[in-house]
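Written out below as structure tokens is the structure these notes cover.
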Amino acid sequence: MKKIVIFSLIATLGVFTSCKESNAAARVDKSKLEEARKRDIDIKKGAPVIKFDRTEHNFGTVVDGDIIETTFTLTNTGKSALVITDAKVTCGCTVPSWPKNKPIQPGETADIKVKFDTAGKGGGRQTKTVTLFTNTAVGRELLKLKGTVNRKTNS
């Protein structure tokens, strides 16, 4: 019993002495605090909401080597500015372009342009996904391209 009491006392002392934080306020990044305050105000207004004209583009049947281009149009139907921070793709053959460094205000529209180079993709069905990272409540939005890429015939 003495061992348990002594061990508990040592553990308690260890917790209290290890949690000393010297001048923690001096280490806080003031610019990050201001960003957080602005973000909190936007959240109270209501998060931005994306409404796409479509989220999928079927390019049909094409020949290996064709370049597919399409544009997805979005509208911010939310109550605060929409920011697209990044776009990731399933492979390097797909290249998205989006409004960078420009918030999309409520009611405004913007275009997401996507190019898909089919070179080396011949021989079947293809599906490519573009993931947009946003400040919406969901945080990620998906756009898809799909269709069939046939091999070139040597004629």
- Sorted by chain and residue number, the salt bridge (charged side-chain N to carboxylate O under 4.0 Å, His left out) partners of Glu56 (sequence neighbours excluded) come out as Lys146

- Query: Among pairs that include at least one residue of residues 90-122, which meet disulfide bond (SG atoms under 2.5 Å apart), considering only residues two or more places apart or in two chains?
  - Reply: Cys91-Cys93

- Message: Applying salt bridge (charged side-chain N to carboxylate O under 4.0 Å, His left out) as the test, list every pair that has at least one member in residues 119-142; sequence neighbours left out.
- Response: none

- Task: Any disulfide bond (SG atoms under 2.5 Å apart) involving residues 101-131? Give me the pairs, sequence neighbours left out, ordered by first then second residue.
- Result: none

- Mind checking side chain to side chain contact (heavy atoms under 4.5 Å, CB included) for Thr129 and listing every partner two or more places apart, or none if nothing turns up? Thr90, Thr131, Leu142, Lys144

- Determine which pairs satisfy side chain to side chain donor-acceptor pair (under 3.5 Å) with at least one residue from residues 102-120, sequence neighbours left out, and list them in order. Thr73-Asp111

- Among pairs that include at least one residue of residues 101-132, which meet disulfide bond (SG atoms under 2.5 Å apart), considering only residues two or more places apart or in two chains? none

- Item | Shortest non-hydrogen separation from Gly107 to Thr75 and the atoms involved | O-CG2, 4.2 Å

- Val63 meets the side chain to side chain contact (heavy atoms under 4.5 Å, CB included) criterion, sequence neighbours left out, with Asp66, Lys152

- Message: Suppose clustering is done on Ile, Leu, Val, Met, Phe, Trp and Tyr with side-chain heavy atoms closer than 4.5 Å. Which residues sit in the same group as Ile84?
- Response: Ile50, Phe52, Phe59, Val62, Ile68, Phe72, Leu74, Leu82, Val89, Trp98, Ile104, Ile112, Val114, Phe116, Val130, Leu132, Leu143, Leu145, Val149

- Note on the structure: Sequence neighbours excluded, the answer for side chain to side chain contact (heavy atoms under 4.5 Å, CB included) partners of Ser31 is Asp29

- Message: Is a donor from one side chain sitting under 3.5 angstrom from an acceptor on the other, for Thr134 and Thr136?
- Response: yes

- Query: Does Asp86 have any salt bridge (charged side-chain N to carboxylate O under 4.0 Å, His left out) partners at least two apart in sequence or in another chain, and if so, which?
  - Reply: Lys88

- Query: Which heavy-atom pair separates Pro103 from Val83 by the least distance, and what is that distance?
  - Reply: CB-CG2, 4.1 Å

- Residue pairs, two or more places apart or on separate chains, that pass disulfide bond (SG atoms under 2.5 Å apart) and touch residues 52-85: none

